[in-house]
Amino acid sequence: MFAQTDTVSFNGGPITISHDSLQWQKISTNSDTYYTTGFILRNSATYDQDLVLGFPKSGVIAVTIDNGLVKQQLFTGSMLPLHQRSHPSNSNVVRFILPRDAVFRISIRNSPIYSIYQPKKTDLRLQPTTGFEQQDTRRLFWQGIFLGTILVMALYNLFIFYGVRDVSYLYYVLSIAGLGLYLAFYYGFGIEYLWPSLPRWDTFCYTIIVPFTNLARLLFTKSYLRTDILMPRLNRIIHILVIACGLLMVTGMATFITDIDFLNSLITVVGLVGTLVLVLMLVAGLVAYYTDRYEPAKYFITANALLVIGAILFILREMGWLEDNFYTRYFVQIGFVIQVIVFALGLASRYNQTRLELTQQRIEKERMALETEREKKQLIEQQKQELQIQVEQQTQDLKQQNITLEATIHELEDSKNKLSQLNSVKDKLFSIISHDLRNPLATMQSFLKLITQHHEKLNEEEKKKLVKEAQGSLDYLNELLYNLLQWSKSQMHLLEFKPEQLPAKTVIEKNVRLLYLQAHMKQVQIHTHLDEGLLLFADREMLDFIIRNLLSNAIKFSHKNSTIEIVVKSIPAAIEIQVIDEGVGMSEETKQQLLQASLSNSRRGTAKERGTGLGLLICKEFIARHNGELVIEQRNGKGSVFKVILPVWFSQI
């Protein structure tokens, strides 16, 4: 900012700058808001001065130069196409001649247009045109070399991608291209050479180019470090940031198309997300190398360390959180040059490791093929020996055919008897299937048709209800099939009866644990009462089935927040197991149906649970195998008591 009176020497000649106040004065009208300021220039040198007056990034700047006789109006600003600027440069400058002994009054009007161009301080720069052009020439030279390097490295890695088809190279090329586009925008190559007639795009493109670059960096990190395999947790964070970058790109494009101005906030968010992406890249490299010992990660760390630091400094300077100096402006470019060199080695290392892994996989496949071939030869030899043994055995069988004919006839008689039993079982199974298996299948089919064919017409509550009903039908069908299997084995005498000595406490507690979730879902408490050392002598699997079925039925017909008691005690000449519930109870007619030896009608539980009607029938058969007895008692409308009485000789060795 200029002082009250300031003298600046240009090529040996002084220029006097006088002003009342260089602070921007805000003026608002019905149609516009703009800022004004001004000062007086006096050339006391003996020669004319060719000067450039520079401004910070602004919307549209109108400069009026008045020498008392003639007024000259010059224009510049970031929102003007290049050909409409008085001095066609990416910098916001105007150029004019200050004759010797001349006095000019400079009046400035600043129209921001967008929020990012709101003037914060009066930071004007006056310098000789030769000095400005020298600086601009240096800018074009060094930044042109840097952008040329970016272009060469992008093309180099693109050729490598077409050669090896490793997607990491493609993502790296995209990240390089994104950085090149951003620096072209930042150092004015965009408005000067790429889009000179599109100043609005030059203003908004930052919000699209930077998220695109960050997206490419995240995808490169994911593929290069194999985060989906080595670091699944960090991989989830990468996915979140990928979504964030995509949303920022869409938002930036939407604001450009609709010309909505919230650029200040959007640029801040873009900067913060970019900082997170850079930090995540460095963290991912460190984790991959020091935790998983992934060798290519060391190149990733070395390449990104300086770039990440420089990029973060650059972002913080752009957001106004750090001052503009050499480190905050150029450290990112130094880091990029180092990254390019190191990644040339890192990508080669990763390619070599990938080739090594592929070679090892090929060798392993060949070894497995040889092993398979050897096993096939051994199997053929073994089958040949077995065939010879079979031929010899069949020869002996033919010689003894007359001897075994009578035994065969006897076996046929036994088979006929067994077939008769199987037919009887078949008839019972068909009866059960037609009665109980068909209904849940039809119900579940109906629910699934509703869900699949009318999915879009159902609300979320209806979908949940249908899925719950289908799950209930499936649970009922599963229980029915299990009970059918157990009953069929029992009918065909396929269940081997193996009684053994069993601790009563262990058996009861095990089955209570198995049904804990079912009881917990209905908020039913289960209490056990038995002597610590009480022993049973019974078949383990049959006894488990009996206890689980009786306890499951008690839960099914119990009310919420009720209690089930399991009591095991010695009675004269027997051991008695009682399952006592506080449920719905039953009528005398229902009790008689349950005690019949045939299939009983199933009932629904207090929460509409279905029953198969087979469980209690199987229990009665298993109890009969133990020479025991099933007793059912009603508790005056407050529940039921199911008693299993095993004779004492079955409870002692």
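What you see below is based on every heavy atom in this structure, not just the backbone, and it leaves out hydrogens, waters and symmetry mates. Please read these numbers as outputs of a predicted model, since none were measured by experiment.
A donor atom on one side chain and an acceptor atom on the other are found under 3.5 Å apart for Tyr114 and Asp259. A donor-acceptor pair shorter than 3.5 Å can be found between the side chains of Trp195 and Asp202.
Among residues two or more places apart in sequence or in another chain, the ring pair (Phe, Tyr, Trp, His ring centres under 6.0 Å) test is passed with His239 by none. The ring pair (Phe, Tyr, Trp, His ring centres under 6.0 Å) check on Tyr34 picks up nothing, with sequence neighbours excluded.
Ring pair Tyr206/Phe185 is tilted by interplanar angle, where 30° to 60° counts as tilted.
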Taking it one step at a time, do Thr221 and Tyr171 satisfy side chain to side chain donor-acceptor pair (under 3.5 Å)?
-> CA-CA 9 Å; Thr221 302; Tyr171 293 143; over 6 Å; no
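Residues Leu69 and Asp66 approach most closely at N-OD1, 4.2 Å, considering heavy atoms. Across Val167 and Ser223, no two heavy atoms sit closer than the pair CG1-CB, 4.0 Å. The nearest pair of heavy atoms linking Ser175 to Ala216 is N-CB, 3.5 Å.
Arg217 places no side-chain N or O within 3.5 Å of a backbone atom of Leu278 that could act as its donor or acceptor partner. Here the side chain of Asn43 pairs a donor or acceptor atom with the backbone of Leu98 at under 3.5 angstrom. The closest donor-acceptor contact from the side chain of Thr203 to the backbone of Pro199 lies under 3.5 Å. Distance alone, capped at 3.5 Å, places no donor-acceptor pair between the Ser265 side chain and the Phe262 backbone. Within the 3.5 Å criterion, the main-chain N or O of Ile65 finds no donor-acceptor partner in the side chain of Gln72. The main-chain N or O of Ser115 is found under 3.5 Å from a side-chain atom of Asp261 such that the two form a donor-acceptor pair. Side chain of Thr291 to backbone of Ala288: no donor-acceptor contact under 3.5 angstrom is found. Under the 3.5 Å distance criterion, the side-chain polar atoms of Thr129 are matched with a main-chain donor or acceptor of Asp50.
Residues Ile108 and Trp24 have side chains in contact (heavy-atom distance under 4.5 Å, counting atoms from C-beta outward).
Partner of Val277 under the side-chain contact (heavy atoms from CB on, under 4.5 Å) criterion, chosen from Val242, Leu218, Ile238, Leu272: Leu218. In summary, of the residues considered (Ile208, Val210, Ile209), a side-chain contact (heavy atoms from CB on, under 4.5 Å) with Leu181 occurs for Ile209 alone.
Other residues, nucleotides and ligands place more than 12 heavy atoms under 6.0 Å from the NZ atom of Lys57. Around CZ of Arg105, the count of heavy atoms belonging to other residues, nucleotides or ligands within 6.0 Å does not exceed 12.
Note that the CD1 atom of Ile191 and the CG atom of Leu198 stand 7.0 Å from one another [nearest 0.5 Å]. Atom SG of residue Cys205 and atom OH of residue Tyr182 lie 9.5 Å apart, to the nearest 0.5 angstrom.
Ionic pairing of Arg138 and Glu133 is not present here: no N-O contact between side-chain nitrogen and carboxylate oxygen is shorter than 4.0 angstrom. Contact check on Arg109 versus Asp32 returns a salt bridge, with a Lys/Arg side-chain nitrogen under 4.0 Å from an Asp/Glu carboxylate oxygen.
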Determine all donor-acceptor pairs shorter than 3.5 Å in which one atom belongs to a side chain in residues 76-85; sequence neighbours excluded.
unit_1 : atom_1 : unit_2 : atom_2 : d
Thr76  : OG1    : Val93  : N      : 3.3
Thr76  : OG1    : Val93  : O      : 3.4
Ser78  : OG     : Ser58  : O      : 3.3
Ser78  : OG     : Asn92  : OD1    : 3.4
Arg85  : NE     : Gly77  : O      : 3.2
Arg85  : NE     : Leu80  : O      : 3.0
Arg85  : NH1    : Ser89  : O      : 2.8
Arg85  : NH2    : Gly77  : O      : 3.2
Arg85  : NH2    : Leu80  : O      : 3.0

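For Arg139 and Phe189, the positive end sits near the middle of the six-membered ring, less than 6.0 Å away and at most 45° from its axis. In this structure, Arg200 forms a cation-pi arrangement with Phe256, its terminal cationic atom sitting closer than 6.0 Å to the ring centre and no more than 45° off the ring axis.
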